[in-house]
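Heads up: the structure comes next, in structure tokens.
When a residue number appears, it is its place in the shown sequence, counting from 1. Everything numeric in this text was worked out from a predicted model, so none of it was measured.
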Amino acid sequence: MPGLTIGDTVPNLELDSTHGKIRIHDYVGNGYVILFSHPGDFTPVCTTELAAMANYAKEFEKRGVKLLGISCDDVQSHKEWTKDIEAYKPGSKVTYPIMADPDRSAIKELNMMDPEEKDAEGQLPSRTLHIVGPDKTVKLSFLYPSCTGRNMDEVVRAVDSLLTAAKHKVATPANWKPGECVVIAPGVSDEEAKKMFPQGFETKDLPSKKGYLRFTKV
């Protein structure tokens, strides 16, 4: 399917939203944005997801990350649905905008179409999430089928990983969480690593003896 993937520039679309007209590049600005789609308003899994997004909004805000939703339903539908979302999770307010794409053209450009889920109008949006960086490119993507709700803890963890990697020029290992050791990229020599990480690093002794698995704290 043609469309966005990691490294691609997000189209600078301008769409109506629950917060008025939004041009995506302007909204991203010099920060990070989580751009996510949902198959439809007033649907069960989507209601739980957008409530979870609302519940985690402050966590993303602390990290300088904004939220931006999109679906094929119109703005009025989004606004009415928001009442259900907030009622489902009392105390959680939907403070982020939800863009409208009634003709589904933007969803196609953003590679957020579900090949199997359809209604009378055609294909529905998939459960897609792109993390977009300051350069307006996709840094990370999640793609879920309509039957599976997203794990917000993993989205937060992925954001933390991206921000840590960008700041310190490192990578994060499997199941990494903030405060744990990170790994030094293979392209960094030991001599360079000593300068970059004066706190030191540990090289794992593996059967290959290649010395590529190096851990450090940042």
Side chain Asn55, main chain Ser92, donor-acceptor under 3.5 Å: no

Same apolar cluster: Val45 and Ile107, side chain cutoff 4.5 Å: no

Looking only at atom types and distance, does a side-chain atom of Gln199 sit under 3.5 Å from a main-chain N or O of Thr216, one as donor and one as acceptor? no

Is it true that Ser77 and Asp41 share a donor-acceptor pair across their side chains at a distance under 3.5 Å? yes

Drop me the distance from Asp101's CG to Leu13's CG, to the nearest 0.5 angstrom. 8.5 Å

Please state whether the rings of His38 and Trp81 are parallel, tilted or perpendicular, taking 30° and 60° as the class boundaries. tilted

Is Asp26 atom CG crowded by more than 12 heavy atoms from other residues, nucleotides or ligands, each under 6.0 Å away? yes

Can you tell whether the side chains of Lys194 and Glu191 come within less than 4.0 Å, N to carboxylate O? yes

Hydrophobic cluster identity match, Val156 and Tyr144, side-chain contacts under 4.5 Å: yes

Determine whether more than 12 heavy atoms belonging to other residues, nucleotides or ligands lie under 6.0 Å from atom NZ of Lys136. yes

Pairing of Glu154 and Arg157 as salt bridge, 4.0 angstrom limit: yes

Within 6.0 Å of OH in Tyr212, more than 12 heavy atoms from elsewhere: no

Drop me the distance from Met53's CE to Arg150's CZ, to the nearest 0.5 angstrom. 5.0 Å

Drop me the distance from Leu67's CG to Phe36's CZ, to the nearest 0.5 angstrom. 5.5 Å

Hey, what do you get for CG (Leu213) to CZ (Phe201), rounding to the nearest 0.5 Å? 12.0 Å

Between Glu59 and Arg63 (salt bridge meaning N to carboxylate O under 4.0 Å), is one present in this structure? yes

Donor-acceptor list for residues 168-187 side chains, cut-off 3.5 Å, not counting sequence neighbours:
unit_1, atom_1, unit_2, atom_2, d
Thr172, OG1, Ser161, OG, 2.6
Trp176, NE1, Glu180, O, 3.2
Glu180, OE1, Lys177, N, 3.0

List in chain and number order the residues that pass salt bridge (charged side-chain N to carboxylate O under 4.0 Å, His left out) with Asp16, two or more places apart in sequence or in another chain; answer none if no residue qualifies. Lys21

